[in-house]
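Below: the structure, in structure tokens.
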Protein chains: 2
Amino acid sequence: MPTINDVARAAGVSPSTVSYVLSGRRPISAETRARVQAAIAELGFHPHAGARALASSKTNVLALVAPLRLDVNVPVIMQFATAVVTAARSFNHDVLLLTKDEGTAGLERVAHSTMVDALILMDIERDDVRLPAIRRLKQPSVLIGMPADHAGIACVDLDFEAAAGLALRHLAGHGHRRIGLIGPSPAVYRRQTTYADRFLAGFLTASAELELRTVTHPCEPGADGVRAALADLDTELPGMTALVVHNEETLRPLLDLLRAAGRRVPEDISIVAVCPRDVAMSMPVNLTSIDIPAHDVGTLAVETAMRLLDGRRVEFTRLLEPGLVERSSCREIPPSHR
Amino acid sequence: MPTINDVARAAGVSPSTVSYVLSGRRPISAETRARVQAAIAELGFHPHAGARALASSKTNVLALVAPLRLDVNVPVIMQFATAVVTAARSFNHDVLLLTKDEGTAGLERVAHSTMVDALILMDIERDDVRLPAIRRLKQPSVLIGMPADHAGIACVDLDFEAAAGLALRHLAGHGHRRIGLIGPSPAVYRRQTTYADRFLAGFLTASAELELRTVTHPCEPGADGVRAALADLDTELPGMTALVVHNEETLRPLLDLLRAAGRRVPEDISIVAVCPRDVAMSMPVNLTSIDIPAHDVGTLAVETAMRLLDGRRVEFTRLLEPGLVERSSCREIPPSHR
DNA sequence: CGAGATTGTCGAAGCGCTTCGACGACACCC
DNA sequence: GGGTGTCGTCGAAGCGCTTCGACAATCTCG
């Protein structure tokens, strides 16, 4: 492996000049630059990451802390990860993948040993135990999610409260008055994962504002969980004409179940799903949905980290506005029937 | 951030002694060691990763190159990734996540700049364009998959040829003679992703050996693709009594379709799936399946990388023996009907 | 036209660690 | 009792890079 000294010698300049060609931090004459670049290309020189990190205290690496257990929404996680890695590369950074399992210790390990310049964390809980540690790190963090106490920490996410409002307003606008919510699994609520809480809060607020009759229900994974949830909703909210489903995994069994019970979508029951676009479109019924813009959120998280790194101002809370796309799972209830 | 010098001063020893306490490469008296460790704990010392990498030419980081596009089997990829990260941590290594999109350039970038000690690559194609580059790197690589020319490169995977044989033998043992294969999407075959090829090869060999009547068919994703594939199989192989499905994504629509057509599983048609255990068990019919042991493969890949790194011998080709678990999707055809 | 600014380059220091050789202190053995 | 080892520790060199200050050369403008 050639070093910067080899390049310098080959180009007939000093090592520092090579460094300045690489970093652009000082003006270098066009011809010197050309000679240096030629030497770099010819020798196939790549600066040693460790040496660079040591000398400059920058690693050009981001940590991504992902929940790699399988009880969560795998495809969405994957979309976040893809977006983060891609965006990071566009800023000339790489991504170190950590599991949430390592908890606080993992964060501290990579931060204290200066392996990364910044951290991006997913699957944030309401009172996330990692928060104090995050605040103590010298590296900035960006959260995908919004804990209760997020003062001074950059947070990025879909505005789930607004999303719930949007879903209800859409349904109310179509004349629905009795609406059920199928939420994430109880485990997710138990962890107080922030998107679940925020969606629920938005749902309840909008429900009150719009003077709707609503019932909310978490939902265990699997067909049995869906069956139970649906049965409960039917009992507690007779005459229910619409469902908001904030639980990607239940969509498929739910549709199966409804069909088996002879309840047509949207003729007998309308559905608004909150899930990635592609999921909504790959169901037996083309679902009206509010997209979870994993790609945008991931990209924004990286951009925010970059701004933080070069000391620019950032808005500490960035909640992306939800968008609802009409497809074929909501019907208009005629005014006479409302 | 305290440095090794701070620790040395606090413990009243030289920096090299601290280093030897940390690495264990030279004998240190118990009492000195205790003093040093106390100082480390008190100061909260973590060695600087870059400095370490520079001085020792070891990064304690593995690259994981994953296909982060979404056309492939997301959950399986995720399982590999989880296994790799977890296993890496157990060897005190971290994982740098690269996308396959970056291709050869990405590998060379992280390898030449000494960001990683070894590489683990997924989604290997038959004549993978990255192979020459991989051979040239000074860091060792471990492939999850098996390219045509794998001489001198460590490869780890499920033995897909054997898996196909196992599936056919199971069905033949139950009296099935006419068996269809629903394979991955044409795109996967086009890329000549090695697991698809190898499974197909094993399927054809076993089919001949067992003197079965078989037809094989790739399958476009989505319900339409499945419908087309099934129709073709029915046409080309009238009287087909069993299906081998080597395409996780089609399982659900396939079962829907069969049910809709009034074909019961396993009464009218038997199925052996090749997919992760949890997928097989989360279907409407509990599927007899051959597990894709992503966890084992990922772990083995990391172990192999570690052996390579400390110069121990490795078997360059490790194909994990497939296991078939009987559930409820295969019926025995009575001898009278064979 | 000269003081001052700008441009382009160099040399040297130093980032924080590992590792090699050296060395004193002992123990061991014929 | 002097050679031979082993043990435990230290000092110094050096890994490959960035960055700071210095300086010569060139430009700028009142």
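The figures here come from the full heavy-atom set of this structure, side chains too, leaving out hydrogens, waters and symmetry mates. Chain identifiers are assigned alphabetically (A, B, ...) following the order of the sequence lines, protein sequences preceding nucleic acid strands; residue numbering begins at 1 within each chain. Since we're looking at a predicted model, the values are computed, not measured.
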Quiz prompt | First of B:S14 and A:M1 reached from the 5' end of DNA chain D, by closest nucleotide | solution = B:S14
Quiz item: Once you round it to whole Å, what is the distance between C1' of D:dG14 and CG of B:L54?
Solution: 9 Å
Quiz prompt | side chain to side chain contact (heavy atoms under 4.5 Å, CB included) evaluation trace for A:K100 with A:R130 | solution = CA-CA 10 Å; A:K100 194 187 173 193; A:R130 299 168 294 180; 3.4 Å; yes
Self-check item: Residues in side chain to side chain contact (heavy atoms under 4.5 Å, CB included) contact with A:P293, at least two apart in sequence or another chain
Solution: A:L158, A:D291, A:D296, A:V297, A:L320
Exercise. Please say which of A:T193, A:D159, A:D157 ends up in a side-chain hydrogen bond (donor to acceptor under 3.5 Å, both in side chains) with A:R198.
Key: A:D157
Practice problem: Sequence neighbours left out, what passes side chain to side chain donor-acceptor pair (under 3.5 Å) with A:S141? Give chain and number order. | Solution: none
Quiz item: Can you name the residues that form a side chain to side chain donor-acceptor pair (under 3.5 Å) with A:S14, not counting sequence neighbours?
Solution: A:S16, A:T17
Quiz item: Can you check whether B:H295 reaches B:F80 side chain to side chain, under 4.5 Å on heavy atoms?
Solution: no
Practice problem: Could you run through nucleotides 17-24 of chain C and give me one letter per nucleotide, 5' to 3': B if any protein heavy atom sits under 4.0 Å from the base, S if only the sugar-phosphate is that close, - if neither? | Solution: BBBBBB--
Practice problem: For B:R135, check side chain to side chain contact (heavy atoms under 4.5 Å, CB included) against everything at least two apart and list the hits. | Solution: B:L131, B:D149, B:A151, B:I153
Quiz item: So do the side chains of B:H112 and B:L137 get within less than 4.5 Å of each other, counting heavy atoms only?
Solution: yes
Self-check item: End-to-end axis angle, where each axis spans five pairs of the helix from C:dC1-D:dG30 to C:dC30-D:dG1, to 10°
Solution: 30°
Quiz item: Partners of B:R312 by side chain to side chain donor-acceptor pair (under 3.5 Å), sequence neighbours excluded?
Solution: B:D310
Practice problem: With a 4.0 Å heavy-atom cut-off, tell me which residues in residues 28-43 of chain B come close to DNA chain C, sorted by residue number. | Solution: none
Quiz item: Taking only residues two or more places apart in sequence, or in another chain, which ones meet A:P15 in a side chain to side chain contact (heavy atoms under 4.5 Å, CB included)?
Solution: A:I4, A:N5, A:A8
Self-check item: For A:E102, all residues meeting side chain to side chain donor-acceptor pair (under 3.5 Å), sequence neighbours excluded
Solution: A:R109, B:R89
Quiz prompt | Least distance between heavy atoms, A:Q79 atom then A:P276 atom | solution = NE2-CB, 3.9 Å
Quiz item: Which residues within residues 111-118 of chain A lie with some heavy atom under 4.0 Å of an atom in DNA chain C?
Solution: none
Quiz item: Of all residues at least two apart in sequence or in a different chain, which pass the side chain to side chain contact (heavy atoms under 4.5 Å, CB included) check with B:E315?
Solution: B:R318
